[in-house]
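Here you go, one structure.
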Amino acid sequence: MRPVALTVDDGPDPTWTPALLDVLAAHGVKATFFVIGERAREHPGLLRRLLAAGHRLGNHSYSHVQPFAALPAAAVAREMDETQRVVTGETGVRPTLFRAPAGGWSRGVLAASRDHGLTPVDWTVDPKDWREPPADRIAERVAQARPGDIVLCHDGGGDRSRTVKALDLALARLRERGTLFTTL
């Protein structure tokens, strides 16, 4: 059976990232965290904590500007470069994955990813937790994940208390079904 990949965007956040790490640890799940360079620069200890806990780091741009696909090529390159510098400088680990803010893909963004040695990553399950729906709605959507899915959640960019609660519920359901998890 192919595993499910849980991915987390928009952090690190000093409130929600540690809370999410506790939930993931309780369920024995490792995730891939797509970090924003500005936030990574502000909270480098969280980057190291993520790696120490066995999670993987990906590049999610430096400032999360949108629409990302509309940026000039030089701006896209700067967004990727600066996040690579911050994460690598703080952790010694160079990200190899890139997720465009809000899924803002274009030929130029894909070319920049390739030029930076970054593999572009999208998702297949989106509970739209960034809209802050009730935790049970987020949990219901995440619990529908099937083998091979890439689940998108968020640990930054707002109040993520619903996401933390929802993942605790959804991961318990998925584990009961025998779902396996992997990082990307």
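The analysis underlying the following values was restricted to heavy atoms, covering all of them including side chains, and did not include hydrogens, waters or symmetry mates. Note that the numbering runs from 1 along the sequence shown for the chain.
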### Task
For the residue pair Ser61 and Met80, establish whether any side-chain heavy-atom pair is separated by less than 4.5 Å.
no

### Message
Let me confirm one number: the OG1-NE2 distance from Thr17 to His55, rounded to the nearest 0.5 Å.
### Response
10.5 Å

### Rounded distance [0.5 Å steps], CG in Leu169 versus NE2 in His27
8.0 Å

### Query
Is it the case that one hydrophobic cluster holds both Val65 and Phe34, taking links as side-chain heavy atoms less than 4.5 Å apart, direct or via other members?
no

### Message
Give me the atom names and distance for the closest heavy-atom approach of Leu24 to Leu171.
### Response
CD2-CD1, 3.8 Å

### Message
I want to check something: taking the side chain as every heavy atom from C-beta on, are Arg2 and Leu180 in contact at a cut-off of under 4.5 Å?
### Response
no

### Task
State, with a plain yes or no, whether a side-chain heavy atom of Phe181 is found less than 4.5 Å away from one of Arg175.
yes

### Message
Less than 4.5 Å apart, side chain to side chain, heavy atoms only: is that true for Ser106 and Phe68?
### Response
no

### Message
In this structure, would Leu46 and Trp16 fall into the same cluster of hydrophobic residues linked by side-chain contacts under 4.5 Å?
### Response
no

### Task
Take Val151 and Val4, measure what side-chain contact (heavy atoms from CB on, under 4.5 Å) needs, and give me the verdict at the end.
CA-CA 7 Å; Val151 178; Val4 169; 3.8 Å; yes

### Task
Quickly, which of Arg39, Arg41, Gln84 forms a side chain to side chain donor-acceptor pair (under 3.5 Å) with Tyr62? Name it, please.
Arg41

### Query
Taking all non-hydrogen atoms of both residues, which atom of Thr124 and which atom of Arg141 are closest, and how far apart?
O-NH2, 4.0 Å

### Task
Kindly give the heavy-atom pair with the smallest separation between Leu6 and Val29, and that separation in Å.
CD2-CG1, 4.3 Å

### Task
Write down the atom of Arg137, the atom of Pro133, and the distance for their closest heavy-atom approach.
NH1-CB, 3.7 Å

### Message
Starting from Phe98, can I reach Leu152 by hopping between I/L/V/M/F/W/Y residues whose side chains sit under 4.5 Å apart?
### Response
no

### Task
Nearest 0.5 Å please: distance from the CG atom of Asp13 over to the CD atom of Glu42.
10.0 Å

### Message
As a quick check of understanding, evaluate side-chain contact (heavy atoms from CB on, under 4.5 Å) for Leu47 and Val35, giving each step before the final call.
### Response
CA-CA 9 Å; Leu47 296 178; Val35 300; 4.0 Å; yes

### Task
Verify the neighbour count for atom NZ of Lys165: are there more than 12 heavy atoms of other residues, nucleotides or ligands below 6.0 Å?
no

### Message
When you group the ILVMFWY residues by side-chain heavy-atom contacts below 4.5 Å and let the links chain together, are Val86 and Ile36 in the same group?
### Response
no

### Task
Determine, stepwise, if the pair Asp22 / Arg49 fulfils salt bridge (charged side-chain N to carboxylate O under 4.0 Å, His left out).
CA-CA 11 Å; Asp22 291 344; Arg49 183 172 171 194; 3.5 Å; yes

### Task
Calculate, to the nearest 0.5 Å, the distance between atoms OG1 and CG belonging to Thr88 and Leu57 respectively.
9.5 Å

### Query
Side chains of Pro3 and Pro147: does their closest heavy-atom pair fall under 4.5 Å?
no

### Task
Could you grab the distance from atom OG1 of Thr15 to atom CG of Asp155, nearest 0.5 Å is fine?
11.0 Å

### Query
Taking everything shown except Arg107 itself, do over 12 heavy atoms lie less than 6.0 Å from its CZ?
no

### Query
With side chains defined as the heavy atoms from C-beta onward, is the minimum distance between Asp149 and Arg146 less than 4.5 Å?
yes

#### Entry: Residues Arg85 and Glu82 bridged, charged N to O under 4.0 Å
yes

### Pair Arg99 + Asp122, salt bridge at N-O below 4.0 Å
no

### Query
What pair of heavy atoms forms the shortest contact from Lys30 to Gly54, and how long is it?
CD-O, 3.7 Å

### Query
Hey, does Leu50 have a side-chain heavy atom less than 4.5 Å from the side chain of Leu21?
yes

### Query
Between the side chains of His60 and Asp10, does any donor sit under 3.5 Å from an acceptor?
yes

### Query
Is Ile138 reachable from Val125 through a run of hydrophobic residues whose side-chain heavy atoms are each under 4.5 Å from the next?
yes

### Task
Would you sort out whether Arg162 and Asp129 count as a side-chain contact (heavy atoms from CB on, under 4.5 Å), showing the intermediate values?
CA-CA 8 Å; Arg162 293 169 192 85; Asp129 63 322; over 6 Å; no

#### Entry: Inter-residue atom distance Leu20.CG - Phe33.CZ, 0.5 Å rounding
5.0 Å

### Message
Any heavy-atom pair between the side chains of Leu167 and Cys153 that's under 4.5 Å?
### Response
yes

### Message
Applying side chain to side chain donor-acceptor pair (under 3.5 Å) to Asp81 and His116, what does each step give before you reach the verdict?
### Response
CA-CA 8 Å; Asp81 285 338; His116 286 81; 2.6 Å; yes

### Query
Which heavy atom in Val109 sits nearest to a heavy atom in Ala69, and how many Å separate them?
CG2-CA, 4.0 Å

### Task
Please test Glu38 against His64 for side-chain contact (heavy atoms from CB on, under 4.5 Å), starting from the C-alpha separation and ending with a verdict.
CA-CA 9 Å; Glu38 286 177 334; His64 204 276; over 6 Å; no

